[in-house]
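These notes are about the structure you will find just below.
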Amino acid sequence: MSFSEPASVSPLPEGITDPNYKPLPGRLGNLTPGQQHALNTLKQHLIDEGHFIPERMHDPTLLRFLRARKFDVAKAKAMILSAEQWRRDFEVEDIVKNFVFTEKAEVDKFYPQYYHKMDKDGRPVYIQRLGKIDVNALNTITTQDRQLRRFVLEYEKFLTERLPACSKAVGHPVETSCTIMDLAGVSVTSFYRVKEYVSQAAQIGQDRYPECMGKFYIINAPWAFSAVWQVIKPWLDEVTVNKIDIVSSGAVKQTLLAQIPAQNLPAEFGGECKCVGGCSLSDAGPWNPQAGLDGEAV
């Protein structure tokens, strides 16, 4: 009999085909009795008070909110109810059904933001290239409101399309992303011109879609990054800050390839991927198998 690890009171989710999968603490299949009780209590409170939405509040989602609030049921419930009110105010359901970001290809020239394939743990890779931002050009193409709506739409697709596809591809639940934020070319002046958008996007991600960050790499930070970081850091909670890895310019390729297969990492970051038409517009990944044609590995 082994005493190395206490048994979880929560069974593993169905559909796992990866024999080596071991869920992290606080996930289904690795819950303490106290965590399982918190999950059951939170769900029952939501049901009793008429707030439970079955298609959205499944156990992994409730656990994300519980982990974000250290399994304090009252705080997790308040966070969920606040997120639900925000969804109504921001008209998220309408965004999912009707919003089309028709200016995507033009915006990509001046602010590339895109999901691209998976890292070695099955996470979808999300890339932002802040250094390419041209605020004047963006303002002639789109608006901050439309960019935020696009940001929310991509988060919704991340939860309902990308994560399930990645989970199926690797044979175990995938609940987080691997983000690369490229600051090559960023100046303090250009950052401050998009500060409001970046701040709002960060708050939406942290407060409305908690515990979705698995890995976060900040690369090619300029000498003035310390000033920018002092502005960004207060927007983020301690848990989020601790997941961020600021990579020195000389270690970018080595660090990223340690986490992302070379065939999945765009060539501009030291990988081998050169999607037809450009990686930033390919939407390549297991959620979009057709993007893997023409010799491009998914």
Should [X] and [Y] count as side-chain neighbours, where that means a heavy-atom distance under 4.5 Å?
X    : Y    : result
K132 : Q113 : no
Q200 : Q203 : no
R69  : F65  : no
M213 : T176 : no
Y209 : V152 : yes
L66  : L39  : yes
R146 : T102 : yes
L265 : D119 : no

Is [X] salt-bridged to [Y], cutoff N-O under 4.0 Å?
X    : Y    : answer
R88  : E93  : no
K104 : D108 : no
D283 : R162 : yes
R123 : D121 : yes
E175 : R64  : no

Atom [atom1] of [X] and atom [atom2] of [Y]: how far apart are they, to the nearest 0.5 Å?
X    : Y    : atom1 : atom2 : result
F269 : I260 : CZ    : CD1   : 9.0 Å
F151 : Q144 : CZ    : CD    : 12.0 Å
S177 : F216 : OG    : CZ    : 8.5 Å
C275 : L281 : SG    : CG    : 10.0 Å
T179 : Q128 : OG1   : CD    : 7.5 Å
S248 : Q254 : OG    : CD    : 9.0 Å

Without swapping roles, check the side chain of [X] against the backbone of [Y] for a donor-acceptor pair under 3.5 Å.
X    : Y    : answer
H51  : L81  : no
R27  : P25  : yes
S10  : G29  : yes
K117 : C273 : no
S82  : M79  : no
S167 : V174 : yes
N220 : L183 : no

Could you state whether [X] and [Y] fall into the same hydrophobic cluster, counting links through intermediate Ile, Leu, Val, Met, Phe, Trp or Tyr residues with side-chain heavy atoms under 4.5 angstrom apart?
X    : Y    : result
V107 : Y114 : no
F99  : Y111 : yes
L138 : M181 : yes
I127 : I218 : no
I204 : F101 : yes

Mutual orientation of the aromatic rings belonging to Y115 and W287 [parallel < 30°, tilted 30-60°, perpendicular > 60°]
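Judged by the thresholds at 30° and 60°, the geometry between Y115 and W287 is perpendicular.
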Going by side-chain hydrogen bond (donor to acceptor under 3.5 Å, both in side chains), name the residues that satisfy it together with [X], two or more places apart in sequence or in a different chain.
X    : result
K168 : none
R150 : none
E91  : none

Are more than 12 heavy atoms from other residues, nucleotides or ligands located less than 6.0 Å from atom [atom1] of [X]?
X    : atom1 : value
K70  : NZ    : no
E55  : CD    : yes
H58  : NE2   : yes
K120 : NZ    : yes
Q85  : CD    : yes

For E84, which of R56, K77, R208 qualifies under salt bridge (charged side-chain N to carboxylate O under 4.0 Å, His left out)?
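Going through R56, K77, R208 one by one, the salt bridge (charged side-chain N to carboxylate O under 4.0 Å, His left out) with E84 is satisfied by R56 alone.
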If you take all heavy atoms of [X] and [Y], which pair is closest and at what distance?
X    : Y    : result
N30  : P23  : ND2-O, 3.0 Å
L257 : G271 : CD2-CA, 4.4 Å
D182 : A184 : OD1-N, 3.1 Å
F158 : P164 : O-CD, 4.3 Å
N264 : M118 : ND2-O, 2.9 Å
H116 : S282 : CD2-OG, 3.7 Å

If you apply the rule side-chain contact (heavy atoms from CB on, under 4.5 Å), what do you find for I80 with L42, and how did you get there?
CA-CA 10 Å; I80 289 172; L42 174 61; 3.9 Å; yes
Audit row: T255, D245, side-chain contact (heavy atoms from CB on, under 4.5 Å) steps and yes/no:
CA-CA 10 Å; T255 300; D245 186 2; 4.3 Å; yes
Run the numbers on K274 and E268 for salt bridge (charged side-chain N to carboxylate O under 4.0 Å, His left out), then give the verdict.
CA-CA 9 Å; K274 298 180 180 179; E268 57 263 41; over 6 Å; no
Using side-chain hydrogen bond (donor to acceptor under 3.5 Å, both in side chains), reason through E103 and T142 one step at a time and then give a plain yes or no.
CA-CA 7 Å; E103 61 268 45; T142 190; 2.7 Å; yes
Please report the C-alpha distance between L63 and T61 in whole Å, then the side-chain angles of each, then the deciding distance to 0.1 Å, and finally whether the side-chain contact (heavy atoms from CB on, under 4.5 Å) criterion is met.
CA-CA 5 Å; L63 284 169; T61 297; over 6 Å; no
Show the numbers, then the answer: is there a side-chain contact (heavy atoms from CB on, under 4.5 Å) between E156 and V92?
CA-CA 9 Å; E156 291 291 313; V92 173; 3.8 Å; yes
